[in-house]
Amino acid sequence: MKIGILCFQGDVAEHAEVVKTLGAQPIKVKYPYELEVLNGLIIPGGESTTVGALLEESGMSKAIQKRAQEGMPVWGTCMGAILMAKQFIENSIHQPVLGIMNIKVKRNAYGRQKESFEEEISIPALKCDSFPSVFIRAPWFEPNGSKVEILAQYQGKPVLVKEEHLLASAFHPEIAGEPLLHKYFLEMVKTSKYSSSRGLSN
Ligand code: GLN
């Protein structure tokens, strides 16, 4: 199973390491043609204004939007999740995004870099009530539509949401040493019809 990791910014090596440990093949991607062979895609953290602009310039934005529409599983962590959201909670924010998921997002919802923190949260879908979650200038989400499932909340706000083949987490599981959420995403990829519909082996 080939899992792309968008490599403009962020914890690319850390995501790749977990994916590899779980028996899948991580592939660092930057250009549209590299999406061809992928079974799924992870978009790491970073700075959404910068990466949003790079995605647009490189043609990656359109290419990812097309794949996501065709059903390719995509998981965004923190910045990745911000870019996946179709709307910002604050109307005043205008920046290029992928806009592939029916969620609203509040950027930097917990404050600045120095207000970053680690908390254990309960994620029933993983049968885990103490998932180590690192929040770094993290967002929170609001579902927008009935297909969005809230998989975890922190202080009453959704921080892990899923809409069919799309997954968004406000926190960074790649640096917490707990592979359960990566495992969950790989399972989403394995059970998705996307790969077989494109003739890709899993
Ligand atoms: N606050 C950043 C942004 O809005 C995201 C931070 C992160 O990915 N850890 O782009």
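Atoms within a ligand are numbered from 1 in the order they appear, just like the ligands themselves. Residue numbers run from 1 in the order of the sequence given.
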- Measure from atom 2 (C) of ligand 1 to every heavy atom in Gly46, Gly45, Gly10 and give the option owning the shortest one. Gly46
- Message: Which residue in the set Glu164, Gln87, Glu163 passes side-chain hydrogen bond (donor to acceptor under 3.5 Å, both in side chains) when paired with Asn102?
- Response: Glu163
Is [X] close to ligand 1, meaning an N/O of one under 3.5 Å from an N/O of the other?
X	answer
Met79	yes
Thr49	no
Ile82	no

- Message: With a 3.5 Å distance limit and no angle check, can you tell me whether Gln9 reaches the backbone of Glu47 through a side-chain donor-acceptor pair?
- Response: yes
- Query: With a cut-off of 6.0 Å (strictly less than), are more than 12 heavy atoms of other residues, nucleotides or ligands near NZ of Lys86?
  - Reply: yes
- Quick one: nearest non-hydrogen protein atom to atom 10 (O) of ligand 1, plus distance? Ser48 N, 2.5 Å
- Note on the structure: heavy-atom search around atom 1 (N) of ligand 1 in the protein gives Asn108 OD1, 2.5 Å
- Which one holds for Arg137 and ligand 1: side chain close, backbone close, both close, or neither close, with close meaning a heavy atom under 4.0 Å? both
- Message: Counting only heavy atoms closer than 4.0 Å, does ligand 1 sit against the backbone of Thr77, its side chain, both, or neither?
- Response: neither
- Assign the ring pair Phe171 / Phe135 to parallel, tilted or perpendicular, where the plane angle (0 to 90°) is split at 30° and 60°. tilted
- Task: Give the ring-plane orientation class for Trp75 versus His15, where under 30° counts as parallel, over 60° as perpendicular and anything between as tilted.
- Result: perpendicular
- Between CD1 on residue Ile82 and CG on residue Asn108, distance to nearest 0.5 Å: 6.5 Å
